[in-house]
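Notes for the one structure printed next.
Worth saying up front: this structure is predicted, and the values here are computed from it rather than measured. Atoms considered below: every heavy atom in the structure, side chains included; atoms not considered: hydrogens, waters and symmetry mates.
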Amino acid sequence: SLAPGESQEMTIPFRQPPLVAGAEYWLTLRFTLAQPTLWADAGHVVAWEQFAMPFAAPKAAALPIETTPALRLRDLAKEIRVRGHDFRLVFVKADGAIHSFRAAGRELVMRGPQLNLWRAPTDNDANTWGDMRAAIHWREMGYDRLVHQLREITATQPQPQVVVVTVRSRVCALDRAAGFDCDYTYTIYGSGDVVVETHLVPDAGLIYLPRVGLQMTLPGGYETMTWYGRGPHESYADRKGSAPVGLYSGTVDEQHTPYVTPQENGNKTDVRWLALTDADGAGLLAVGAPLLEVSAHDYSTQDLAQARHWHELPHRREITLNLDHRQMGLGNASCGPGALPQYLIQPEEMRFLVRLRPLRPGDAPMALSKLSPSS
């Protein structure tokens, strides 16, 4: 044992492993009890720390587009259809969103992805005193009732294996003049990869945002959530020091955090990739460029914001998936100061990307997360 203020150096028996292309390496140290105590069993973790190793792993090889199957594009009166070797996408021209993403005989997406700026207010957001009063000001801005208005949707095929769908939209509350111009560029590859670039331009006069990201609705059945990022519990920009980076998995229901008042919960930060899969391992992979914040629930954001008690939340079969570029920090405004300036999301022009890819039974999400298409 060490006296107060005394320190001791120790050597960690650790060697650099063979470096895998596209991999990153972490050293995690855990200090555990050697003997049981009155308050914990032997093996209980009393402290831990994690270090990113500065190993120069080679970059992962890209997937050459010319080696993938050709795509078929059909630009119809009400829909845009893109068909590949064993997948298809359907964009509905009325709103510009994907209404079907089907692969290997399975429906993966019911609707989305579409821009999402709203979160169900936390206890800290919902305070009614002090300078922040975030939820009050967000509702004044109309962030809780944004409507997507399609301006234009076009489709082109620059290569046999590539289709580009461009969607221009206006996003604002119907009772507010200020809003956002939001453009999406979907680049669809013969491999089944769909790279979504979102370009957001806010009007003047808006305030900081609850979140900036994409929201999707998946059909039921994809109940296993696996991710490489911080976990296993929820984390936020200003609440993530307790969550080490690692590979985690659990059910969608297990990502729910039961606060007394229903509110935003279950977020994961610094996520490299996320997979939602069924019992056969089939489903959807989402990859950040480079990082995402993610959450998945069997209720919608609107359900969460409207419920006052947990028993009022419906248990929906479909899954709401949030793929966020950023989410505002939590702060302490229910009993103290709000989120610090560095954890606010200012309304400014921004671009962000996410890559979606179908997962077939037997696919390895970690390996496919590194296999980006390239021309």
Would you check if Leu117 and Trp138 make a side-chain contact, meaning some heavy-atom pair closer than 4.5 Å? no

Transitively linked via ILVMFWY side-chain contacts under 4.5 Å: Leu353 with Val167? no

One pair to check against side-chain contact (heavy atoms from CB on, under 4.5 Å): Phe180 and Leu209. What are the steps and the verdict? CA-CA 12 Å; Phe180 307 82; Leu209 308 172; 3.8 Å; yes

Output a table of donor-acceptor pairs, distance under 3.5 Å, between side-chain atoms of residues 280-296 and any protein atom two or more places apart or on a different chain; print 'none' if there are none.
from	atom 1	to	atom 2	distance (Å)
Asp280	OD2	Arg106	NH2	2.9
Glu293	OE1	Asn267	ND2	2.8
Glu293	OE2	Gln327	N	3.3
Ser295	OG	Asn322	ND2	3.0

Contact between Phe55 and Pro17 at the side-chain level, heavy atoms closer than 4.5 Å - yes or no? yes

Evaluate salt bridge (charged side-chain N to carboxylate O under 4.0 Å, His left out) for Arg357 paired with Asp363, printing each intermediate quantity in order. CA-CA 11 Å; Arg357 182 181 176 122; Asp363 279 350; 5.6 Å; no

Check whether Tyr184 reaches the backbone of Leu115 with its side chain - one donor and one acceptor, N or O, closer than 3.5 Å. yes

Partners meeting side-chain hydrogen bond (donor to acceptor under 3.5 Å, both in side chains) with Ser191 (sequence neighbours left out): Asp193

By side-chain hydrogen bond (donor to acceptor under 3.5 Å, both in side chains) - contacts of Thr257 (at least two apart): Glu234

Is there any ring pair (Phe, Tyr, Trp, His ring centres under 6.0 Å) pair reaching into residues 64-122, and which pairs are they, with sequence neighbours excluded? Phe91-Tyr186

Do side-chain atoms of Asp238 reach the backbone of Leu330 as a donor and acceptor pair under 3.5 angstrom? yes

Side chain Tyr25, main chain Gln16, donor-acceptor under 3.5 Å: no

Arg351 side, atom CZ; Leu200 side, atom CG - distance, nearest 0.5 Å: 10.5 Å

With sequence neighbours excluded, tell me which residues meet salt bridge (Lys or Arg N to Asp or Glu O under 4.0 Å) with Glu24. Arg272

Any heavy-atom pair between the side chains of Lys370 and Trp273 that's under 4.5 Å? no

Within the structure provided, determine whether Arg211 and Asn116 are in side-chain contact (heavy-atom separation under 4.5 Å). yes

Any side-chain heavy atom of Thr226 within less than 4.5 Å of one from Leu247? yes

Heavy-atom count around Asp131 CG within 6.0 Å, excluding the residue itself: above 12? no

Does Val46 belong to the same Ile/Leu/Val/Met/Phe/Trp/Tyr cluster as Leu29, with side-chain heavy atoms less than 4.5 Å apart forming each link? yes

Can you measure from CG (Leu304) to CD (Gln263) and round to the nearest 0.5 angstrom? 8.0 Å

Who pairs with Tyr248 by ring-ring contact (aromatic ring centres under 6.0 Å, His included), at least two apart in sequence or on another chain? Trp227

Rounded to the nearest 0.5 Å, what separates atom CZ in Arg81 from atom CG in Leu73? 11.5 Å

Report the C-alpha distance between Gln215 and Thr320 in whole Å, list the side-chain angles of each, state the deciding distance to 0.1 Å, and finish with yes or no for side-chain hydrogen bond (donor to acceptor under 3.5 Å, both in side chains). CA-CA 7 Å; Gln215 189 172 87; Thr320 297; 5.6 Å; no

Under 3.5 Å, is there a donor-acceptor pair between the side chain of Ser169 and the main chain of Cys182? yes

So, Lys268 side chain and Pro232 main chain: donor-acceptor pair closer than 3.5 Å or not? yes

Take a 6.0 Å sphere around CZ of Arg176 and say whether it holds more than 12 heavy atoms from other residues, nucleotides or ligands. yes

Does the Gln157 side chain pair with the main chain of Pro160, one donor and one acceptor, at a distance under 3.5 Å? yes

Note, Leu274 side chain near Leu321 side chain (heavy atom, < 4.5 Å): yes

Per the side chain to side chain donor-acceptor pair (under 3.5 Å) rule, what does the pair list look like for residues 67-77, sequence neighbours excluded? Asp75-Lys93

The side-chain hydrogen bond (donor to acceptor under 3.5 Å, both in side chains) partners of Thr198 (sequence neighbours excluded) come to none

Holding to ring-ring contact (aromatic ring centres under 6.0 Å, His included), I want the full list of residues that pass it with His44, two or more places apart in sequence or in another chain. Trp39

From the options Asp298, Thr217, Asp303, select the one residue that forms a side-chain hydrogen bond (donor to acceptor under 3.5 Å, both in side chains) with Arg316. Asp303

Roughly how far, to the nearest 0.5 Å, is CG of Leu356 from CG of Leu108? 9.5 Å

Evaluate the side-chain proximity of Ser372 to Arg355: yes if any heavy-atom separation is below 4.5 Å, no if none is. yes

Side-chain donor-acceptor pairs of residues 331-350 under 3.5 Å, sequence neighbours excluded:
from	atom 1	to	atom 2	distance (Å)
Asn332	OD1	Arg239	NH2	2.9
Ser334	OG	Asn124	OD1	2.6
Glu349	OE2	His199	NE2	2.6

Mind checking whether Glu254 and Met225 have side chains closer than 4.5 Å, heavy atoms only? no

In short, ring pair (Phe, Tyr, Trp, His ring centres under 6.0 Å) pairs touching residues 145-176 with sequence neighbours left out are none

Tell me, with the steps shown, if Ile153 and Val165 meet side-chain contact (heavy atoms from CB on, under 4.5 Å). CA-CA 7 Å; Ile153 179 170; Val165 177; 4.1 Å; yes

Can you tell me how far the CD atom of Glu197 sits from the CZ atom of Phe352, to the nearest 0.5 Å? 9.5 Å

Donor-acceptor side-chain pairing of His256 and Tyr299 below 3.5 angstrom: yes

When rounded to the nearest 0.5 Å, the distance separating OG1 of Thr269 from CG of Asp324 is 11.5 Å

Here's a test for you: under salt bridge (charged side-chain N to carboxylate O under 4.0 Å, His left out), which of Arg133, Arg139, Arg119 qualifies with Asp125? Arg119

In chain order, what residues pass the side-chain hydrogen bond (donor to acceptor under 3.5 Å, both in side chains) check against Thr28, with sequence neighbours excluded? Gln50

